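One structure is given here, and the rest of the page talks about it.
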Amino acid sequence: MSLLCGRLCPGDVGVKGINTTQPCVKDSREIKRALIETTLKGGRAYLSQFWIERAAMSEQSNLSVVAHGPGDLRMERLPIPEPGPNEVQLQMNSVGICGSDVHYWQHGRLGSFLMQKPMVLGHEGSGTVTKVGLEVKHLQVGDRVAIEPAYPLNNDEFCKSGRYNLSPAMFCSATPPHHGQLSQFYVHSANYCFKLPDCVSSEEGAFIEPLSVAIHACRRARVKLGSKILICGAGPIGLLNLLVAKAMGAAQVVICDLSSARLAKAKEVGADFTIKVEKETPQDLAQKVQAALGSMPFTTIECTGAEFCVQAAVYSTQSGGTVLLVGHGPELVSVPLLNAAIREVDIRGMFRYCNTYPMAIAMLASKKVDVKPLITHHFPLSQAIEAFETTKKQLGIKVMLKCD
Ligand code: NAD
Ligand code: ZN
């Protein structure tokens, strides 16, 4: 006989007089069937509180945005995931759509990351803790958190030196083979969930992911007090770099793009100068940048991936300065390397970010950075397909989905 304890344990559908070493019954329909069969056999059934709650949850199910292959995006109901010992289960609040999500939807791959099976999209999210794993000490049910989507799986030499983003073995939400966050419920490593203060909204919390890219970029680009800066590209990443560079003390920022609408947004959020790229050569663009700033910028942050901009970045940057490559373009790009070499212009790369979430939360809480003007569209999760179409057409800057 089993008297059920109300805790998770094997054989938790207990039936009076029946051996309870049977395997766990995990599905609400199975639980109901077991109860009916037991009743029909004249037995009495006991169901633990855990399974009653679990049955209710699985009946709610987990609406998710799933990419199946190039051009094939579906809304599907998936099982609600349970947290492991060091994980938390989150009811997702807000998730921003990133260009890479659109890329997986359109092409089924991103560079060398190839989708081998259907994948839930989304890696710019915030959520509310609904369950905590047994080992989790710093979070409680009800806490609102920002989710750092990429974390190292081993404590390797890169982790030890503080550059865990370079670790070869990473978990990353919505990077194959790992599912992303565009679901009602999602499970994540508790160590990479950061509690949000009340003064930081869930949408701002979701924006911490791309904001982290900009913080890491400005650190790598050596932005400092009084810097003059060129930013190529006024998409979400270029605009966030503008906000962070200003917060880090940049004196003047000029930003260039092909899109007048995006340059208007750049002006609205603090760009000192904007340049609409037309048909000029990279050297011509460098001249325009110098004319706008009154001297060559010490730092250029390239956020387009376009070969033209990589070339213009080198020609524009002052001798001894830094070109930071944020944008992802083709593998092979023609770069005026000798020009950079003989003028000691450092060309640096970057990959995602590390150790940025606490700083980003502090910047948002203290209003040093205001990302809200960059959130131009809001959709409920049920309208995710429309939200993805909006992002693909570049109709705004950041499109946010509300999952709760
Ligand atoms: P986005 O596509 O929304 O914005 C890119 C902008 O560049 C657009 O506004 C576009 O009009 C502009 N552009 C394109 N070609 C141009 C040209 N020839 N001249 C001037 N402007 C041009 O992308 P995003 O979300 O802002 O991301 C920017 C880049 O950063 C992408 O390549 C993305 O893959 C990359 N990224 C890199 C990292 C990293 O870790 N290094 C992280 C996130 C994003
Ligand atoms: Zn992204």
Side-chain angles (χ1 to χ4, degrees), residues 95-107 110-111 113 121-125 147-150 163 165-166 170 172-175 180-182 206-221 230-243 254-266 271 274-282 284-286 288-289 300-313 316 324-331 333 348-354 356 374 376-377 390-400:
V95 181
I97 302 178
C98 172
S100 67
D101 293 316
V102 174
H103 212 86
Y104 279 119
W105 161 41
Q106 290 296 293
H107 306 286
L110 185 68
F113 294 110
L121 296 177
H123 59 269
E124 302 179 358
I147 305 162
E148 180 168 354
R163 298 177 74 179
N165 57 318
L166 302 180
M170 299 281 288
C172 186
S173 316
T175 296
Q181 304 165 7
L182 267 171
F207 225 142
I208 288 177
E209 199 281 334
L211 179 60
S212 287
V213 174
I215 293 172
H216 191 59
C218 287
R219 283 174 176 168
R220 295 270 305 146
L230 164 64
I231 295 173
C232 300
I237 296 295
L239 294 172
L240 285 165
N241 269 283
L242 163 64
L243 298 182
V254 56
I255 187 161
C256 69
D257 203 289
L258 302 166
S259 154
S260 304
R262 289 197 153 183
L263 290 175
K265 181 57 88 173
T274 58
I275 299 175
K276 184 162 176 353
V277 174
E278 307 275 2
K279 291 198 173 103
E280 60 268 81
T281 64
D284 290 341
L285 183 63
K288 289 188 184 178
V289 168
T300 299
I301 304 176
E302 199 306 297
C303 304
T304 71
E307 185 175 70
F308 167 86
C309 288
V310 175
Q311 295 173 354
S316 300
L324 185 76
L325 303 177
V326 183
H328 290 159
E331 174 115 356
V333 176
R348 307 186 96 195
M350 62 160 275
F351 184 61
R352 296 183 185 138
Y353 41 77
C354 55
T356 49
L374 304 187
T376 50
H377 292 77
T390 304
T391 312
K392 186 179 120 190
K393 291 179 194 149
Q394 293 202 338
L395 294 179
I397 303 295
K398 181 56 69 183
V399 175
M400 280 284 175

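For reference, positions follow the sequence shown, starting with 1. A quick note: this is a predicted structure, and the numbers were derived from the prediction, not measured. Remember, it's 1-based here, ligands and their atoms both numbered in the order they're listed.
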Calculate, to the nearest 0.5 Å, the distance between atoms OG1 and CD1 belonging to Thr274 and Ile231 respectively. 12.5 Å
With distance as the sole test, does Lys398 use its side chain to make a donor-acceptor pair with the main-chain N or O of Thr376 at under 3.5 Å? no
Atom CG in Leu374, atom CG in Leu240: separation rounded to 0.5 Å? 5.5 Å
Would you check whether Cys303 has a nitrogen or oxygen atom less than 3.5 angstrom from a nitrogen or oxygen atom of ligand 1? no
Less than 4.0 Å between atom 23 (O) of ligand 1 and some protein heavy atom, yes or no? no
With no hydrogens and no angle check, do the side chains of Glu148 and Tyr353 hold a donor and an acceptor under 3.5 Å apart? no
Provide, to 0.1 Å, the distance between atom 15 (N) of ligand 1 and the closest protein heavy atom, together with that atom's residue and name. Leu258 CD1, 3.6 Å
Suppose I only count heavy atoms of Ala306 and a 4.0 Å limit; which atoms of ligand 1 are within that range? 15 (N), 18 (N)
Checked the Zn ion (ligand 2): protein N, O or S atoms closer than 2.8 Å come out as Cys98 SG, His123 NE2
Within 6.0 angstrom of Arg348 CZ, more than 12 heavy atoms from elsewhere: yes
Numbered in order shown, the ligand 1 atoms found under 4.0 Å of a heavy atom of Phe351 are 40 (O)
Taking Glu278's backbone N and O only, do any of them form a donor-acceptor pair with Glu280's side chain (distance below 3.5 Å, no angle check)? yes
Considering non-hydrogen atoms of the protein only, which is the closest contact for atom 42 (C) of ligand 1, and what is the distance? Val213 CG1, 3.6 Å
Using only atom types and a distance under 3.5 Å, with no angle test, would you say the side chain of Asn241 pairs donor to acceptor with the backbone of Gly238? no
Ranked by distance from atom 13 (N) of ligand 1, the top protein heavy atom is Thr304 CG2, 3.7 Å
Lys276 side chain to Leu258 main-chain N or O, any donor-acceptor pair under 3.5 Å? yes
Val326 to ligand 1: N or O pair under 3.5 Å? yes
Closest non-hydrogen contact found for Glu124 with Cys98 is OE2-CB, 3.1 Å
Between the side chain of Asp101 and the main-chain N/O of Ile97, is any donor-acceptor distance below 3.5 Å? no
So, does Glu302 use its side chain to make a donor-acceptor pair with the main chain of Thr304 at under 3.5 Å? yes
Starting from atom 19 (N) of ligand 1, find the nearest protein heavy-atom neighbour and note its residue, name and distance. Cys309 SG, 3.3 Å
For atom 3 (O) of ligand 1, what's the nearest protein heavy-atom neighbour? Residue, atom name and distance, please. Arg262 NH1, 3.0 Å
Answer yes or no: is there a donor N or O on one side and an acceptor on the other, between the side chain of Asn165 and the main chain of Phe351, under 3.5 Å? yes
Are any of the N or O atoms of Met350 closer than 3.5 Å to those of ligand 1? yes
Taken to the nearest 0.5 Å, the spacing of His377 NE2 from Thr391 OG1 works out to 8.5 Å
Does any N/O atom on Ile237 come nearer than 3.5 Å to any N/O atom on ligand 1? yes
Given 3.5 Å as the limit, does a donor-acceptor pair link the side chain of Gln311 with the main chain of Pro282, or not? no
Which is it for Cys232 and ligand 1 at heavy atoms under 4.0 Å: side chain, backbone, both or neither? neither
Ligand-side contact atoms (ligand 1) for residue partner Arg352, heavy atom cut-off under 4.0 Å: 39 (C), 40 (O)
Treating Asp257 as the side-chain partner and Ala234 as the backbone partner, does any N or O pair qualify as donor plus acceptor under 3.5 Å? yes
What protein heavy atom sits nearest atom 11 (O) of ligand 1, and how far away is it? Asp257 OD1, 2.6 Å
From NZ (Lys265) to CG (Leu239), nearest 0.5 Å: 8.5 Å
Residue portion contacting ligand 1 (non-hydrogen atoms closer than 4.0 Å) for His328: both
May I ask whether Pro236 places a heavy atom under 4.0 Å from ligand 1? yes
In terms of atom number and element, which parts of ligand 1 are under 4.0 angstrom from non-hydrogen atoms of Gly327? 29 (C), 30 (O), 32 (O), 35 (C)
Sub-4.0 Å atoms of ligand 1 with respect to non-hydrogen atoms of Gly233: 7 (O)
N or O pair under 3.5 Å between Gln394 and ligand 1: yes
